[in-house]
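Note that the structure is predicted; figures quoted are calculated from it, not measured.
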Amino acid sequence: MALKQEIIWKNQHKKNVHCHIFTDSISSLKALQKLQPKNNLVEEVRQLLDATVSLHWVKTHIGIEGNETADKAAKSASEKTSIDVHLEIPQRSMKTKLKTLLMVEWQRRWHYGDKGRFTFNIFPDVKPSRCIDNRYLAQAQQPTVTPPRFTSRSLIYRTATAGVVRT
């Protein structure tokens with residue numbers, strides 16, 4: 001994201017100077033406004049932003065000189081045969097991909113395994129919500145839940161002391 005590079009440059013060269021950054025990428029600005037962004041790059045840009053940076057949206061292709069120059073640079077970069085800047089895979093994307101791969105493998109093992117066939121007939125699809133750390137399942141798997149015990153003596157004592165105020 002060019003916006004990140006601009007803010008990094010500004011923070012390195014003009015740390016305490018107020019700066020106005022204009023962009024025609026409304027999607028970038030909207031992503032930065034989201035309460036919980038789903039992209040590491042957006043989070044990184046947010047961390048770089050401070051009170052000395054103002055972001056502004058401009059319409060595309062209406063003759064604004066700086067915007068037209070930026071568009072030409074982006075177009076020439078898109079026509080390159082090789083990539084000269086490496087953008088790492090965002091951490092959230094990696095986590096999502098790994099979670100998907102784990103779920104696929106878990107489902108495959110559950111489907112083709114030879115253990116737990118009775119349970120498999122009830123729950124053929126794996127779901128993280130069915131894991132043992134789910135408190136409702138943990139309660140269901142316990143053999144018995146012992147209710148609180150009340151003896152007649154404790155009931156009589158509670159009844160007798162209910163109206164008594166101790167000082």
Exercise for the section: Applying side-chain contact (heavy atoms from CB on, under 4.5 Å), run through L41 and E44 and close with a yes or a no. Expected result: CA-CA 5 Å; L41 186 57; E44 291 170 14; 4.0 Å; yes
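- Linking Ile, Leu, Val, Met, Phe, Trp and Tyr whenever their side-chain heavy atoms come within less than 4.5 Å puts I26 and L3 in one cluster.
- For the salt bridge (Lys or Arg N to Asp or Glu O under 4.0 Å) condition, the pairs that include at least one residue of residues 103-114, sequence neighbours left out, are E105-R108, E105-R109.
- Shown here are the side chain to side chain contact (heavy atoms under 4.5 Å, CB included) partners of W110, two or more places apart in sequence or in another chain: Q107, R117, T119, F120, V126.
- Interatomic distance, M94 CE to N40 CG, rounded to the nearest 0.5 Å: 10.5 Å.
- Within a 6.0 Å radius of CE in M103, other residues, nucleotides and ligands contribute more than 12 heavy atoms.
- The cluster map of Ile, Leu, Val, Met, Phe, Trp and Tyr, joined by side-chain heavy atoms under 4.5 Å apart, puts F123 and V104 in different clusters.
- Side-chain contact between T23 and L55 is absent, with no heavy-atom pair separated by less than 4.5 Å.
- The line from OG of S54 to CZ of F22 is 8.5 Å long, rounded to the nearest 0.5 Å.
- In this structure, W106 and K127 approach most closely via the heavy-atom pair CH2-O, 3.7 Å.
- Residue pairs meeting the salt bridge (Lys or Arg N to Asp or Glu O under 4.0 Å) criterion with at least one partner in residues 19-37, sequence neighbours excluded, are absent.
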Problem - side-chain contact (heavy atoms from CB on, under 4.5 Å) between V53 and L48, intermediate numbers included - result: CA-CA 9 Å; V53 178; L48 292 170; over 6 Å; no
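- Considering only residues two or more places apart in sequence or on other chains, N11 meets the side chain to side chain donor-acceptor pair (under 3.5 Å) condition with none of them.
- Taken from NE2 in H111 to CG in D125, the straight-line distance is 10.0 Å, to the nearest 0.5 Å.
- Both L32 and I8 are assigned to one and the same hydrophobic cluster, defined by single-linkage of ILVMFWY side chains at heavy-atom distances under 4.5 Å.
- Every residue was checked against the ring-ring contact (aromatic ring centres under 6.0 Å, His included) condition with W57, not counting sequence neighbours, and none meets it.
- What you find for N121 and P124 is that their closest heavy atoms are O-CD, 4.5 Å.
- Every ring-ring contact (aromatic ring centres under 6.0 Å, His included) that H20 has, sequence neighbours left out, goes to H18, H56.
- Across all non-hydrogen atoms, the minimal contact from K4 to V45 is CB-CG2, 3.6 Å.
- Donor-acceptor pairing under 3.5 Å is recorded for the side chains of K10 and T52.
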